[in-house]
Student: 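My questions all concern the structure below.
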Amino acid sequence: MPDPRITPVAKAGRERILVEAVEFARQALSDLTRPENVGEHRGVVVEGERVITHAFDCLLPGYPHWYWTVTLSRVPRSSKVSVDEMSLCPGSDALLAPDWIPWADRVEPSDISPTDCLPYRADDPRLEEGFEETGEEADRLEAFELGLGRPRVLSPLGRKAAFERWYEGDAGPNTPGTRAARATCSSCGFLMRMDGAARAVFGVCANEWSAYDGRVVSYDHGCGSHSETDAPAQARMWEPAAPVVNEFDMEIVKGSQA
């Protein structure tokens, strides 16, 4: 099905010179693609006064319903045809790629590994301004667990075994993610502090983008999902040169003095 903008040559209007320049337009496409990739002439699109675009079927594999287009124009009272531009354009029935979604919007928590570094978000709605705890109560730790209705609680031996297991595991300081991280969990806004004796060394990660979300982590653990770090900027392959100004094409006008 032809594109609805394309008009048959016989109905293209009074611009006979540009309308009849079909072979001229086809020959111009040889600078853009091979002749065997250019199919049947489908008509023209009237762009404006003395400006017309010729459309040809694209025969490239994977490009059904696409058109090679050549825009031609001429100056008033002249029969000389000039090529304005050439391109490959999709028709109304062409298959197109889906709309591009930025990486930060399409990445999922399951795509993140401990060594990946996420970009910094100053307006992250999950975080708010923090204040450092001061005073004696901030450093006072519970030396024992209260029962709170439970028949038994962890003994010092049980707590020690759990703390050693967590600290020496993959949520402790001796992991590739921690070595690659720029900051530790102790300064991360997503760390939820624990109560009791564990508060001195451990917290719980509350960042869904972290591989440790919902897990106990040590304060000296770290990963690329830290709330205050940023992904490294991509290095430039070359330094852009300063723009070149053609002063011979400029007219300098001196202002009049009052």
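For reference, positions follow the sequence shown, starting with 1.
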Student: For the residue pair Cys205 and Arg215, establish whether any side-chain heavy-atom pair is separated by less than 4.5 Å.
Tutor: no
Student: Rounded to the nearest 0.5 Å, what's the gap from CG on Leu72 to OG1 on Thr53? Could you check?
Tutor: 7.5 Å
Student: Tell me whether the rings of Phe202 and Phe163 are parallel (<30°), tilted (30 to 60°) or perpendicular (>60°).
Tutor: tilted
Student: Hey, is CE on Met192 packed in by over 12 heavy atoms from elsewhere, all under 6.0 Å?
Tutor: no
Student: Determine whether more than 12 heavy atoms belonging to other residues, nucleotides or ligands lie under 6.0 Å from atom CD of Glu36.
Tutor: yes
Student: Has Ser210 got a side-chain atom pairing as donor or acceptor with Ser225's backbone, closer than 3.5 angstrom?
Tutor: no
Student: Any side-chain donor paired with an acceptor under 3.5 Å for Asp170 and Tyr212?
Tutor: no
Student: I'd like to know if the side chain of Thr178 reaches the main chain of Gly222, judged simply by a donor and an acceptor atom lying under 3.5 Å from each other, with no hydrogens or angles considered.
Tutor: yes
Student: How many angstroms lie between CZ in Arg26 and CD in Glu40, if you round to the nearest 0.5 Å?
Tutor: 8.5 Å
Student: Roughly how far apart are Arg16 CZ and Ser79 OG, rounded to 0.5 Å?
Tutor: 9.5 Å
Student: If you measure from CZ on Phe56 to OG1 on Thr69, what distance do you get to the nearest 0.5 Å?
Tutor: 10.0 Å
Student: Backbone N or O of Gly177 within a donor-acceptor pair of the His221 side chain at under 3.5 Å?
Tutor: no
Student: Do Tyr219 and Arg199 have side-chain heavy atoms sitting under 4.5 Å apart?
Tutor: yes
Student: So which heavy atom on Val38 is nearest to which on Leu29, and how close?
Tutor: CG1-CD1, 3.9 Å
Student: Could you check whether any side-chain heavy atom of Trp68 comes within less than 4.5 Å of a side-chain heavy atom of Arg42, counting everything from C-beta outward?
Tutor: no
Student: More than 12 heavy atoms of other residues, nucleotides or ligands under 6.0 Å from CD of Gln27: is that the case?
Tutor: no
Student: Is His65 reaching over with its side chain to a backbone N or O of Pro90, donor-acceptor style, under 3.5 angstrom?
Tutor: no
Student: Atom SG of Cys223 and atom CG of Asn207: how far apart are they, to the nearest 0.5 Å?
Tutor: 7.0 Å
Student: Treat each ILVMFWY residue as a node, draw an edge where side-chain heavy atoms are under 4.5 Å apart, and state whether Leu95 and Tyr67 are in one component.
Tutor: no
